[in-house]
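The structure under discussion appears below in the form of structure tokens.
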Amino acid sequence: MHRRQFIKHNSLTALGLAFSPLQFAGETGGGGNLHFISPIDGDMLHKHDGIVMGGTLQALVKIAAPANSSITVNGIQAKKRNGIFTAEIALADFKNVIELSDKKTGIQKNITVYWLKNLADNYRLSIDDAVWFLKDINANTSTYSSIFNNPFLGFLKEVHDAYDTKVHINIFYETDGFNLSQMTDQFKNEWRANASWLQLSFHAKAEFPDNPYIQAGYDQVKTECDAVIQQIRRFAGDELTGPVTTLHWGEVPVEVSRALRDAGYTGQLCDFNVDDNLSPCSYYLNVEQRRHINKRFLWRDNKEAISFIKSSIIIDTKKTEQIIPYLDQYEQQGRKPPYADLLIHEQYFYPGYHNYQPNYRQKVLTAVKWAVEKGYTPAFLKDCIYE
């Protein structure tokens, strides 16, 4: 990435308002006046989107249809209220097809949604623009007895030891005078021993130029991504890899996201900025899709088989005293993150960096403590958004 309230409801009707009333491409079937309001195709549902009963999610489906329609949803007769048809259905599987039918016209439509049983109320700490800690470990192979002798990685372990925090680090292939092919593998067993809380993934080839993939093609990104994954497996072990990453700057044509997907990164995280003056950081998604993710925090493009996740905060862009109010505002707006990704960049940790933040440690601990006090549990996304 570049630098730069949950309210308890007593009815499924109220819970249905958590969805954005938009119709995305992906809904199949004819009949332009008949469509899903919520959920929409690709929505990834969690326990706050309904009522969990007997291992199923009882969820409300809302349909827009002509007033004289007779609508069923997965065979259940929908009720009409205030011009909207609604039906309560049970989602039992990870992947679920929801089909609506108008018995008067014979028109049918369907969408595919997901029931994520392990998503809600989890968090992680994620690091972007990271490579200097690896360069330091490699330069000190004769003096370091552990990877955690490195001050940055040592700090992250302190956070983990105090709060059981899971840490995901998105790394560059190279920086001045160092690339991953040079990285020592003498600590491989230690990396593997800590894979339960520490993960590494591709971020970009290098920090500069800015926005390196905004006009990139499939082959370039696939090659650079594969090179990083290969080196992670060599010096740290396959246990440190997974299906989720955050791409540097994160504004790309669809071919770039496809390259990440084909390299194994079917989960792609970023800011998904919209309706503001910030860089989009939204991969290839359009404004409508970005607005939806800003309300839902995650969505799957079923056409491309890619799941998108919104980061909850970029810690280094906030003053320490702003972190808790910023995170609290989600709940105040009725859109508490189901999964809280707390993201910060590596560079600001170092006194020698021109934008050094001396309160870096305090900022990280403030965000992590917020998550813990709000009842979030540490978990990797790979354990939350997949079957």
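Along the sequence shown, residues carry numbers from 1.
Around the CD atom of Glu321, the shell of radius 6.0 Å holds more than 12 heavy atoms that belong to other residues, nucleotides or ligands.
Checked by atom type and distance alone, the side chain of Lys103 never pairs as donor or acceptor with a backbone atom of Thr72 at under 3.5 Å. When atom types are taken as modelled, the side chain of His203 and the backbone of Ala130 share no donor-acceptor pair closer than 3.5 angstrom. At least one donor-acceptor pair closer than 3.5 Å links the side chain of Gln329 to the backbone N or O of Tyr326. Checked by atom type and distance alone, the side chain of Asn140 never pairs as donor or acceptor with a backbone atom of Ile137 at under 3.5 Å. Remark: side-chain polar atoms of Asn273 are paired, donor with acceptor, to backbone N or O of Ser279 under 3.5 angstrom. In terms of modelled atom types and a separation under 3.5 Å, the side chain of Asn179 and the main chain of Thr175 share no donor-acceptor contact. In terms of modelled atom types and a separation under 3.5 Å, the side chain of Ser69 and the main chain of Ile71 share no donor-acceptor contact. Between the side chain of Thr366 and the backbone N or O of Val364, no donor-acceptor pair lies under 3.5 Å. Side chain of Thr105 to main chain of Ile107: a donor-acceptor pair is present (N/O by atom type, distance under 3.5 Å, no hydrogens or angles). Not one N or O on the side chain of Tyr213 forms a donor-acceptor pair closer than 3.5 Å with the backbone of Ala204.
No side-chain heavy atom of Asn194 sits under 4.5 Å from any side-chain heavy atom of His160. The shortest side-chain heavy-atom distance between Ile98 and Asn110 does not fall under the 4.5 Å cut-off. Side chains of Ile127 and Asn170 form no contact here, defined as non-hydrogen atoms less than 4.5 Å apart. Residues Lys62 and Phe36 fail the side-chain proximity criterion, which asks for heavy atoms closer than 4.5 Å. Looking only at side-chain heavy atoms (C-beta outward), Trp115 and Phe94 stay at 4.5 Å or farther from each other. For the pair Val256/Tyr218, no side-chain contact is recorded, criterion being any heavy-atom separation below 4.5 Å from C-beta on.
Listed here is the closest heavy atom pair of Tyr330 and Ser311: OH-O, 4.4 Å. Of all heavy-atom pairs spanning Glu346 and Asp129, the tightest one is OE1-O, 3.5 Å. Of all the heavy atoms in Leu298 and Ile385, the pair that sits closest is CD1-CG2, 4.2 Å.
Its side chain within the 4.5 Å cluster rule, Val287 clusters with Val274 among the Ile, Leu, Val, Met, Phe, Trp and Tyr residues.
Screening Phe202, Phe208, Phe172, Tyr173 against His248 for a ring pair (Phe, Tyr, Trp, His ring centres under 6.0 Å) leaves a single residue, Phe172. With Met183 as the fixed residue, the side-chain contact (heavy atoms from CB on, under 4.5 Å) test singles out one of Asn138, Val131, Ile232: Asn138.
Between atom NZ of residue Lys188 and atom CD1 of residue Ile147 there is a gap of 13.5 Å, rounded to the nearest 0.5 Å. A distance of 10.0 Å separates CG of Asp136 from CZ of Phe178, quoted to the nearest 0.5 Å. Atoms CG and OG, from Leu381 and Ser307 in turn, are 10.0 Å apart once rounded to the nearest 0.5 Å. A distance of 14.0 Å separates NZ in Lys295 from CZ in Arg290, rounded to the nearest 0.5 Å. One distance of note links CG of Asp341 with OG of Ser312; it measures 6.0 Å at 0.5 Å rounding. The CG atom of Leu45 sits 6.0 Å away from atom CG of Leu57, with the distance rounded to the nearest 0.5 Å.
Pairs passing the salt bridge (charged side-chain N to carboxylate O under 4.0 Å, His left out) check and including a residue from residues 234-245, sequence neighbours excluded, read Arg192-Glu239, Arg233-Asp238. Note on residues 168-181: no pairs pass salt bridge (charged side-chain N to carboxylate O under 4.0 Å, His left out), not counting sequence neighbours.
Using a cut-off of 4.0 Å between Lys/Arg side-chain N and Asp/Glu carboxylate O, Asp41 and Arg300 are scored as not salt-bridged. Using a 4.0 Å cut-off between charged nitrogen and carboxylate oxygen, Lys363 and Asp316 do not count as a salt-bridge pair. A salt bridge is defined here as a Lys NZ or Arg NE, NH1 or NH2 lying under 4.0 Å from an Asp or Glu carboxylate O, and Asp328 with Lys374 meets this definition. Salt bridge Glu99/Lys109: absent, no basic N to carboxylate O contact under 4.0 Å. A salt bridge is absent between Glu387 and Lys95: the closest approach of a Lys/Arg side-chain nitrogen to an acidic carboxylate oxygen does not fall below 4.0 angstrom. A salt bridge between Lys222 and Asp262 is absent, with no side-chain N of the basic residue lying under 4.0 Å from a carboxylate O of the acidic one.
Under the side-chain contact (heavy atoms from CB on, under 4.5 Å) criterion, Thr165 pairs with Tyr123, Leu125, Val159, Tyr163, Val167, Val368, sequence neighbours left out. Residues forming a side chain to side chain donor-acceptor pair (under 3.5 Å) with Tyr284 (at least two apart in sequence, or on another chain): Asp301. Listed by chain and residue number, nothing satisfies the ring pair (Phe, Tyr, Trp, His ring centres under 6.0 Å) test with Tyr265 (two or more places apart in sequence, or in another chain).
Aromatic pair Tyr350/Trp132: centroids less than 6.0 angstrom apart. Aromatic pair Tyr353/Phe349: ring centres not closer than 6.0 Å.
Using cut-offs of 30° and 60° on the angle between ring planes, the pair Phe308 and Tyr283 is tilted.
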